[in-house]
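Residue numbering restarts at 1 for every chain, and letters A, B, ... go by the order of the sequence lines.
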Amino acid sequence: MEGPRPLIRDEIIRLVERALEAAQAAGDLPQFAGQEVTVEHPARAEHGDFSANLPLRIQGLARMKAIEVAEALRKHVPAHEAVERVAVAPPGFLNFYLAPAWAAAQASSIVAAGEDYASSDLGTGKRVQIEYVSANPTGPIHVGNGRGAAIGSSLALVMEAAGYEVEQEYYINDAGTQVAIFGRTLYARYQQLFGREVSIPENGYPGEYVVDIARTLKERDGDRYLRPEGEEGSPDLGKAGLDLMLEGIRDDLAAMHVEYTQWYSERSLMSEGGPYSEVMSLLEKQGYVARREGAVWFTSTEVGESKDNVLIRSDGQPTYYATDIAYHYDKFVTRGFDRVIDIWGADHQGHVSRVKAAVAAVGGDPDALDVLLYQLVTLKRGDQVVPLSKRAGEIVTLRDIVDEVGPDATRFFFLLTGANQTMDFDLELAKTQSDENPVYYVQYAHARISSILAKAEEESLSSEGADTSLLTHDAEQALLRKLLLLPEVVEKVVLDLAPHHLPHYAQELATAFHSFYTQCRVIQPQEPALTRARLHLLEATRVVLARTLGLMGISAPTSM
RNA sequence: GCGCUCGUAGCUCAGGGGAUAGAGCGUUGCCCUGCGGAGGCAAAGGUCGCAGGUUCGAAUCCUGCCGAGCGCGCCA
């Protein structure tokens, strides 16, 4: 299979690089050390499609005015089929204008690429693991987890498009203190259903959902978990409860169209000779372990941390940190991922450097670990802030939102805001104005195109043999330029780990299409050649819209 | 107190060294004799938190200050 074509942006960069070499060889510019060339999309269309600021950056090195540098470069820019003209603009920009016929011809390449359009080989041959959500199975998935789900799931789709082999994983915290507390809470609720006067433990989980789980287990398994009064409950009850919780979590995430390739159990780390014991002896061997105050510590200050951290508490239980080290050891060393991306809520920020330090200590590469933190979501009903705490009585779950506004709008909304920006999720707005959610604007564009293409087919019109050079209208050209942008967006999402660029691009693309639609009639029986060309443009637009929506995990409806 | 993140239009947010700072929503005013009006066009709305600094050029980088969120457990 042929690899993806180079981005037009990169070809422009190469033209500038070659112009610099040629200008220096010709003596129009003095010799100096190589400069990295970058180009950008000017804000104003009159400044062209791409702009290079190289003259401004090297004016000092060249000991010339930037405008003169630009002029010297312009003379040496090699000809390129995609470039109609190159202009110098004050104070020293080199502006590139794409040839309309070339831009139009790209419609054919896009249609030919189909759902592979904007794929790249950026990550080819690299295995990346993306771990996200990983919420404790002691309560239902809440709104904040939904944000992590949207980001992780979409990032996975985009990285796959960029050639990575992607593993999407949910780490199940099925061991440890919180799970034990959940088990005791559940047993209390279970006993209550049998008429016993017991109350849930202090620090227990007061939520109604625990009662629901208890009731389900009672109905399914009867009294088999019941022990004599005063005794502790059966561990089987806790296990059964967790399984039910997990089932619910899977369902909730699946409702948002989040699908994992792997569910990884924390408990499985603890097996004889498993990752946990391996890591503990590894740390011990390397002298990073100290015993004091009845606990076992990782002397992380030795590797630059601000303080040491407990691995095994004085009650003999491993901390979350210890098992997390084992988990990351398993990711890096045992499973050998080239890159690991952890997506956490910003409240885990303090954990980042600790984990990186530990990764380094057990033989992983901390630079291959990216921790993507997303700021917390403030849930609102109008002006009223709704508490998100899993321990509060009334909680709004992710499922509530998905059921209300649908998976597409939920994902789009979560993706819209950059991860390190706090965001408000106004339920009132999401519910009452769901028709005005921008996702519909984008999906509508796709449905509209599908409708026109269907109508064309009915009338036996097709894009067969389209002459794209007829696509010269401003609106056609503007749309074509948007289509050409997706590969750059995909690259940016991958390099910055920032999927929020997708919904913004999707809106721009939809706008360009709707504008084209109102200005350019597609089906015109008296203009068969133009009709063919515009149908072809529609086909290309549909490909790009569907692809963009697909990368967000959002459906591309043919009718709405 | 220390650390991380953030402060851009009335609201929600993009932009994160480049030319006259953008979008959606809201507001105001236009546009259907034709392919889906869930649409299009236009207007109004900004000392980019404040003050210094670096630079040919700063909303963007650096420093300080102000304000907000989160973290600084033998919780996860």
Trainee: Taking for each residue the nucleotide of RNA chain B with the nearest heavy atom, is it A:Gln421 or A:Asp308 whose nucleotide lies nearer the 5' end?
Mentor: A:Gln421
Trainee: Looking at A:Tyr517, does any N or O in its side chain come under 4.0 Å of the phosphate oxygens OP1/OP2 on B:rG37?
Mentor: yes
Trainee: Roughly how far apart are A:Asp243 CG and A:Ile172 CD1, rounded to 0.5 Å?
Mentor: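 CD1 of A:Ile172 is found 9.0 Å from CG of A:Asp243.
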Trainee: What's the closest nucleotide to the A:Ser515 side chain, out of B:rG36, B:rG39, B:rC41?
Mentor: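 My answer, after comparing the listed nucleotides, is B:rC41.
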Trainee: If we take the C1' atom in both B:rG1 and B:rG24, what is their distance in whole Å?
Mentor: 41 Å
Trainee: Using the C1' atom as the point on both nucleotides, what is the distance between B:rC72 and B:rU63, in whole Å?
Mentor: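 It works out to 24 Å between them.
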Trainee: At less than 4.0 Å, is any side-chain N or O atom of A:Thr518 found next to OP1 or OP2 of B:rG40? Yes or no.
Mentor: no
Trainee: In terms of the nearest nucleotide of RNA chain B, which residue is placed more toward the 5' end: A:Arg521 or A:Lys492?
Mentor: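 Looking at the nearest nucleotide for each, A:Lys492 comes out on the 5' side.
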Trainee: Please measure how far the C1' atom in B:rG36 lies from the corresponding atom in B:rG18, and state the result in whole Å.
Mentor: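 42 Å, rounded to whole Å.
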Trainee: Counting N and O atoms only, with roles assigned by atom type, does the side chain of A:Ser462 sit under 3.5 Å from a partner on the main chain of A:Glu464, one being a donor and the other an acceptor?
Mentor: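 Yes; at least one donor-acceptor contact below 3.5 Å.
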Trainee: Determine: side-chain N/O of A:Tyr374 to OP1/OP2 of B:rC6, distance under 4.0 Å, yes or no.
Mentor: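 Looking at the OP1 and OP2 atoms of B:rC6, neither is under 4.0 Å from any side-chain N or O of A:Tyr374.
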Trainee: A:Trp297 has a side chain; which of B:rC74, B:rG3, B:rG36 sits nearest to it?
Mentor: B:rC74
Trainee: Pairing check on B:rA19: which nucleotide meets the Watson-Crick or G-U wobble criteria with it, both distances under 3.5 Å?
Mentor: none
Trainee: Tell me whether the centres of the aromatic rings in A:Phe93 and A:His47 are closer together than 6.0 Å.
Mentor: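 Judged by ring-centre distance (under 6.0 Å), A:Phe93 and A:His47 do not meet the cut-off.
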Trainee: Hey, does the side chain of A:Gln59 reach the backbone of A:Leu56 with a donor-acceptor pair shorter than 3.5 angstrom?
Mentor: yes
Trainee: What nucleotide, of B:rC70, B:rU20, B:rA76, holds the atom closest to the side chain of A:His351?
Mentor: B:rA76
Trainee: Searching all strands shown, indicate the nucleotide that pairs with B:rC65 (Watson-Crick or G-U wobble; both distances under 3.5 Å).
Mentor: B:rG49
Trainee: Identify whether a stacking contact exists between A:His348 and B:rG71, where the ring centres must be under 5.5 Å apart and the planes under 30° apart.
Mentor: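 The base of B:rG71 is not stacked with A:His348 (the test needs centres under 5.5 Å and planes under 30°).
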Trainee: Which base sits across from B:rC72 as a Watson-Crick or G-U pair, both distances under 3.5 Å?
Mentor: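 With both distances under 3.5 Å, B:rC72 matches B:rG1.
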Trainee: Please report the distance separating the C1' of B:rA21 from the corresponding atom of B:rC48, rounded so that it comes out in whole Å.
Mentor: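 8 Å, rounded to whole Å.
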Trainee: Can you check whether A:His501 has a side-chain N or O nearer than 4.0 Å to OP1 or OP2 of B:rG15?
Mentor: yes
Trainee: When you measure from the side chain of A:Trp297 to the backbone of A:Arg292, do you find a donor-acceptor pair of N or O atoms at a distance under 3.5 Å?
Mentor: yes
Trainee: Which one, B:rG18, B:rG40, B:rC72, comes nearest to the side chain of A:Pro91?
Mentor: B:rG18
Trainee: Between B:rU12, B:rU5, B:rA38, which nucleotide gets closest to the side-chain atoms of A:Asn420?
Mentor: B:rU5
Trainee: Tell me whether the OP1 or OP2 atom of B:rC74 has a side-chain N or O from A:Arg292 closer than 4.0 Å.
Mentor: no
Trainee: For a quick test of reading the model: is some side-chain N or O of A:Asn136 closer than 4.0 Å to OP1 or OP2 of B:rA76?
Mentor: no
Trainee: For B:rG40 and A:Arg448 - does any side-chain N or O of the residue sit under 4.0 Å from the phosphate oxygens OP1/OP2?
Mentor: no
Trainee: Tell me whether the OP1 or OP2 atom of B:rG15 has a side-chain N or O from A:His500 closer than 4.0 Å.
Mentor: yes
Trainee: What's the closest nucleotide to the A:Asn95 side chain, out of B:rA76, B:rA19, B:rU5?
Mentor: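 In terms of side-chain proximity for A:Asn95, the closest of B:rA76, B:rA19, B:rU5 is B:rA19.
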Trainee: What's the closest nucleotide to the A:Glu46 side chain, out of B:rU20, B:rG73, B:rA19?
Mentor: B:rU20
Trainee: Check whether any side-chain N or O of A:Thr422 sits under 4.0 Å from OP1 or OP2 of B:rC70, and answer yes or no.
Mentor: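 False: A:Thr422 side-chain N/O out of range (4.0 Å or more) of B:rC70 OP1/OP2.
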Trainee: For B:rA51 versus B:rU8, give the span between their P atoms, rounded off to a whole number of Å.
Mentor: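 Rounded to whole Å, the distance is 16 Å.
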Trainee: Report the nucleotide, chosen from B:rG36, B:rC72, B:rG69, that has the shortest atom-to-atom distance to any side-chain atom of A:Ile452.
Mentor: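 Of B:rG36, B:rC72, B:rG69, B:rG36 is nearest to the side chain of A:Ile452.
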Trainee: Using the P atom on both, measure B:rG71 against B:rU28 and round to a whole Å.
Mentor: 42 Å
Trainee: What's the closest nucleotide to the A:Leu376 side chain, out of B:rA76, B:rC70, B:rA14?
Mentor: B:rC70
Trainee: Taking only the C1' atom of each, what is the distance from B:rG29 to B:rC35 in whole angstrom?
Mentor: 28 Å
Trainee: May I have the distance from A:Tyr327 (atom OH) to B:rA76 (atom P), rounded to whole angstrom?
Mentor: 16 Å
Trainee: Nearest to the side chain of A:Gln59 - B:rC74, B:rC70, B:rC56?
Mentor: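 Looking only at side-chain atoms, A:Gln59 lies closest to B:rC56.
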Trainee: Could you measure between the two P atoms, the one in B:rA42 and the one in B:rC56, and give it in whole Å?
Mentor: 39 Å
Trainee: Are any side-chain N or O atoms of A:Arg184 and backbone N or O atoms of A:Ile200, one a donor and one an acceptor, separated by less than 3.5 Å?
Mentor: no
Trainee: A:Glu457 and A:Ser460: side-chain donor and acceptor closer than 3.5 Å?
Mentor: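 Not at all, the side chains of A:Glu457 and A:Ser460 share no donor-acceptor pair under 3.5 Å.
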Trainee: I'd like to know if the side chain of A:Tyr205 pairs up with that of A:Gln178 as donor and acceptor (distance under 3.5 Å, no hydrogens or angles considered).
Mentor: yes
